[in-house]
Colleague: 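Can you read through this structure? Questions will come right after.
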Amino acid sequence: MVLKSHLHLSQELAFSAVERDINSGCLHVEIRRVKKIGLLSLVIPLEYGGVDATWVGALKIVQELSQADGIVGQFYGDHINLTALAYVSGTPEQKGKYY
């Protein structure tokens with residue numbers, strides 16, 4: 001389940017966060033990992049192919065990722081906020097196109 005698969009990712013991020021920060025590493029690998037385990041569609045409604053997770057669940061994941069690696073947590077928090085904003089303020093046509 002996507003809500004539990006992030007725990008392994010958090011552990012791996014915590015292990016490599018300091019080195020990545022020292023080297024000013026880009027998040028290409030980490031973004032692919034977040035995508036691979038299904039977190040990008042976490043707050044997208046089921047009708048658009050998402051997971052339709054609650055905000056409480058999504059924000060717990062943001063918190064856990066942030067504890068492991070603050071940059072990844074911020075990136076992911078921004079992503080879910082913008083994803084939800086599209087749902088709240090987008091037209092049905094925009095939702096269908098972008099989700």
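Below, all heavy atoms of this structure are taken into account, side chains as well, without hydrogens, waters or symmetry copies.
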Colleague: How far apart are the closest heavy atoms of His79 and Leu40, and which atoms are they?
Modeller: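 Scanning both residues, the minimum pair turns out to be NE2-O, 2.8 Å.
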Colleague: Which pair of heavy atoms, one from Val43 and one from Thr83, lies closest together, and at what distance?
Modeller: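 Closest approach of Val43 to Thr83: CG2-CG2, 3.9 Å.
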Colleague: Identify whether Leu39 and Ile71 are in the same connected component of the hydrophobic contact network (ILVMFWY, side-chain heavy atoms under 4.5 Å).
Modeller: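 Shared cluster, yes.
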Colleague: If you take all heavy atoms of Pro45 and Tyr99, which pair is closest and at what distance?
Modeller: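 Taking Pro45 first and Tyr99 second, the nearest heavy atoms are CD-CE1, 4.3 Å.
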Colleague: In terms of relative ring orientation, are Tyr87 and Tyr48 parallel, tilted or perpendicular, with 30° and 60° separating the classes?
Modeller: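 Plane angle over 60°, so perpendicular.
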Colleague: Under 3.5 Å, is there a donor-acceptor pair between the side chain of Thr91 and the main chain of Gln94?
Modeller: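 Yes; at least one donor-acceptor contact below 3.5 Å.
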Colleague: To check you understand the geometry: which heavy-atom pair defines the closest contact between Ser66 and Gln74, and what is its length?
Modeller: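 Scanning both residues completely, I find the closest heavy atoms to be OG-N, 4.2 Å.
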Colleague: With side chains defined as the heavy atoms from C-beta onward, is the minimum distance between Leu59 and Gln63 less than 4.5 Å?
Modeller: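 In short, these two side chains do not touch, never coming nearer than 4.5 Å.
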Colleague: Taking all atoms of both residues into account, what is the closest heavy-atom pair of Val51 and Leu46, and its distance?
Modeller: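 Closest heavy-atom pair between Val51 and Leu46: O-CD2, 3.8 Å.
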Colleague: With the side chain counted from C-beta on, respond yes when Ile61 and Ile80 share a heavy-atom pair under 4.5 Å apart, and no when they do not.
Modeller: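 No; the side chains remain at least 4.5 Å from each other.
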Colleague: Is it true that Val72 and Val62 fall in one hydrophobic cluster, defined by side-chain heavy atoms closer than 4.5 Å?
Modeller: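 Val72 and Val62: one cluster.
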Colleague: Would Ile44 end up clustered with Leu82 when hydrophobic side chains under 4.5 Å apart are linked, directly or stepwise?
Modeller: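 In one cluster: no.
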Colleague: side-chain contact (heavy atoms from CB on, under 4.5 Å) with Tyr76: which of Val34, Ile31, Asn81?
Modeller: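 By the side-chain contact (heavy atoms from CB on, under 4.5 Å) criterion, Tyr76 pairs with just one of Val34, Ile31, Asn81: Val34.
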